[in-house]
Amino acid sequence: RAMGKLLLYGVEASPPVRACKLTLNALGLQYEYRLVNLLAGEQLNKEYTLKNPQHTVPMLEDHGKCIWDSHAIMAYLVRKYAKNDELYPKDYYKRAMVDQRLHFESGVIFQGCIRNIAHPVFRLNESEVPRARIDAIYEMYAFLEAFLGTAPGQTYLCGSNLTIADYSVVSSVSSLVGLAAIEAAKYPKLSAWLARMEQLPDYQSNNGNGAQMLIDMFSAKITKI
């Protein structure tokens with residue numbers, strides 16, 4: 001158990017939490033991980049809401065300063081602790097490309113695909129997912145396929161180097177494959193990218209296991225798509 005300055009609050013099934021874990025791991029940072037039981041409403045207690053009025057996970061605490069939203073956390077960690085800027089480049093154009101992918105993850109992937117399905121299923125106890133919500137996932141896959149085809153021989157979302165955009169996007173995409181499979185014939189670049197991400201050291205413990213948990217949670221609740 002790594003005591004000290006960095007604390008990450010979260011829950012394994014949450015994609016944004018896993019994106020932060022992948023980033024912390026890539027930076028070789030030691031941190032204490034605190035589970036927040038969302039289903040029991042732990043995020044709504046006074047102590048937590050004082051630190052994070054939006055009462056979301058993940059939240060990072062660094063020397064008593066609190067940051068929430070995975071995209072803000074990941075960018076902060078790289079700026080403050082990375083030995084170089086490879087994961088979140090200082091070059092304005094390269095950074096804009098990473099930022100675009102991060103905003104795409106926030107709005108299109110997480111909100112548009114995951115939350116639009118998870119909220120009705122887990123919070124409102126709906127067991128049917130309208131077809132349009134699954135179609136939205138395939139539309140998103142097609143965009144990622146296009147992003148991966150913007151440079152020749154491109155291996156990652158923003159070029160030939162891993163960035164925090166890859167960690168952000170993989171956390172959500174790996175959680176959706178149970179609802180909408182990524183067919184290699186239809187999305188060859190996306191399929192190859194996902195396989196490449198799965199080969200990263202400690203991928204399974206930081207993302208794969210939690211993604212499977214969310215897939216299983218969806219499977220247990222959804223009876224009809």
Side-chain angles (χ1 to χ4, degrees), residues 10-22 38-39 54 56-58 69-71 74 98-150 154-158 164-200 203-204 206-225:
V11 56
E12 285 309 284
S14 160
V17 170
R18 290 184 262 116
C20 292
K21 288 181 77 172
L22 286 165
L38 301 181
L39 297 173
Q54 201 181 343
T56 49
V57 293
D69 184 277
S70 60
H71 312 86
M74 291 187 290
V98 175
D99 287 340
Q100 180 272 323
R101 312 294 200 249
L102 292 174
H103 287 297
F104 182 82
E105 199 284 326
S106 297
V108 179
I109 311 181
F110 188 77
Q111 185 63 44
C113 296
I114 291 194
R115 201 162 185 282
N116 271 355
I117 294 172
H119 185 75
V121 168
F122 301 131
R123 293 274 177 238
L124 313 174
N125 273 318
E126 289 181 16
S127 58
E128 288 191 25
V129 177
R131 187 67 222 174
R133 292 201 188 133
I134 301 298
D135 291 341
I137 302 174
Y138 289 118
E139 183 186 38
M140 174 270 287
Y141 288 167
F143 282 128
L144 290 177
E145 183 72 15
F147 297 169
L148 284 159
T150 49
Q154 187 176 337
T155 39
Y156 296 105
L157 279 174
C158 299
I164 56 173
D166 294 286
Y167 295 140
S168 181
V169 171
V170 82
S171 70
S172 281
V173 167
S174 60
S175 308
L176 286 167
V177 293
L179 293 169
I182 298 173
E183 291 171 40
K186 200 172 179 191
Y187 310 104
K189 293 184 175 74
L190 181 59
S191 174
W193 169 81
L194 186 56
R196 196 172 295 120
M197 295 299 290
E198 287 167 352
Q199 295 308 308
L200 292 173
Y203 171 87
Q204 209 49 43
N206 287 298
N207 187 63
N209 298 341
Q212 190 57 53
M213 281 168 79
L214 187 54
I215 289 168
D216 293 343
M217 284 165 71
F218 278 135
S219 305
K221 300 277 276 188
I222 295 167
T223 55
K224 187 169 172 233
I225 290 179

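All values below come from the heavy atoms of this structure, side chains included, with hydrogens, waters and symmetry mates left out. In this chain, numbering begins with 1 at the start of the sequence shown.
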* **Test side chain to side chain contact (heavy atoms under 4.5 Å, CB included) applied to K21 and Y167, step by step** => CA-CA 9 Å; K21 288 181 77 172; Y167 295 140; over 6 Å; no
Looking at side-chain heavy atoms only, is the closest gap between [X] and [Y] below 4.5 Å?
{"X": "V169", "Y": "Y156", "value": "no"}
{"X": "L176", "Y": "I109", "value": "yes"}
{"X": "I225", "Y": "R131", "value": "yes"}
{"X": "M197", "Y": "W193", "value": "yes"}

Nearest 0.5 Å, what's the [atom1]-[atom2] distance between [X] and [Y]?
{"X": "I222", "Y": "I134", "atom1": "CD1", "atom2": "CD1", "result": "6.5 Å"}
{"X": "M74", "Y": "C20", "atom1": "CE", "atom2": "SG", "result": "5.5 Å"}
{"X": "S70", "Y": "L102", "atom1": "OG", "atom2": "CG", "result": "8.0 Å"}
{"X": "E183", "Y": "Y138", "atom1": "CD", "atom2": "OH", "result": "6.5 Å"}
{"X": "D166", "Y": "E105", "atom1": "CG", "atom2": "CD", "result": "11.5 Å"}
{"X": "L194", "Y": "L148", "atom1": "CG", "atom2": "CG", "result": "10.5 Å"}

* Structure fact -> The single option from R133, R115, E128 that satisfies side chain to side chain contact (heavy atoms under 4.5 Å, CB included) with P120 is R133
* Among I114, V108, L214, which one satisfies side chain to side chain contact (heavy atoms under 4.5 Å, CB included) with S172? -> I114
[X] versus [Y], closest heavy-atom pair with distance:
{"X": "A142", "Y": "Y187", "value": "N-CE2, 3.8 Å"}
{"X": "R123", "Y": "L38", "value": "NH2-O, 4.2 Å"}
{"X": "G10", "Y": "V17", "value": "CA-CG2, 3.7 Å"}
{"X": "T155", "Y": "R196", "value": "O-NH1, 2.5 Å"}
{"X": "S175", "Y": "I215", "value": "O-CG1, 3.6 Å"}
{"X": "S174", "Y": "S171", "value": "OG-O, 3.3 Å"}

* To do: Taking ring pair (Phe, Tyr, Trp, His ring centres under 6.0 Å) as the test, write out the residues that go with F218, two or more places apart.
  => F122
* Set of side chain to side chain donor-acceptor pair (under 3.5 Å) partners for Q154, sequence neighbours left out -> T150
* To do: Apply side chain to side chain donor-acceptor pair (under 3.5 Å) to E145 and list each qualifying residue two or more places apart in sequence or on a separate chain.
  => none
Does [X] use its side chain to pair, donor to acceptor, with the backbone of [Y] at less than 3.5 Å?
{"X": "N116", "Y": "G112", "result": "yes"}
{"X": "R18", "Y": "E12", "result": "yes"}
{"X": "R101", "Y": "L157", "result": "yes"}

* Could you walk me through whether L200 and V170 pass the side chain to side chain contact (heavy atoms under 4.5 Å, CB included) check? -> CA-CA 12 Å; L200 292 173; V170 82; over 6 Å; no
* Asked: Just checking, K186 and Y141: is the charged tip under 6.0 Å from the six-membered ring centre and within 45° of the axis?
  -> no
* Should the pair F147 and F143 be assigned to parallel (<30°), tilted (30 to 60°) or perpendicular (>60°) ring geometry? -> parallel
* **Over 12 non-hydrogen atoms of neighbours within 6.0 angstrom of CD in Q100** => yes
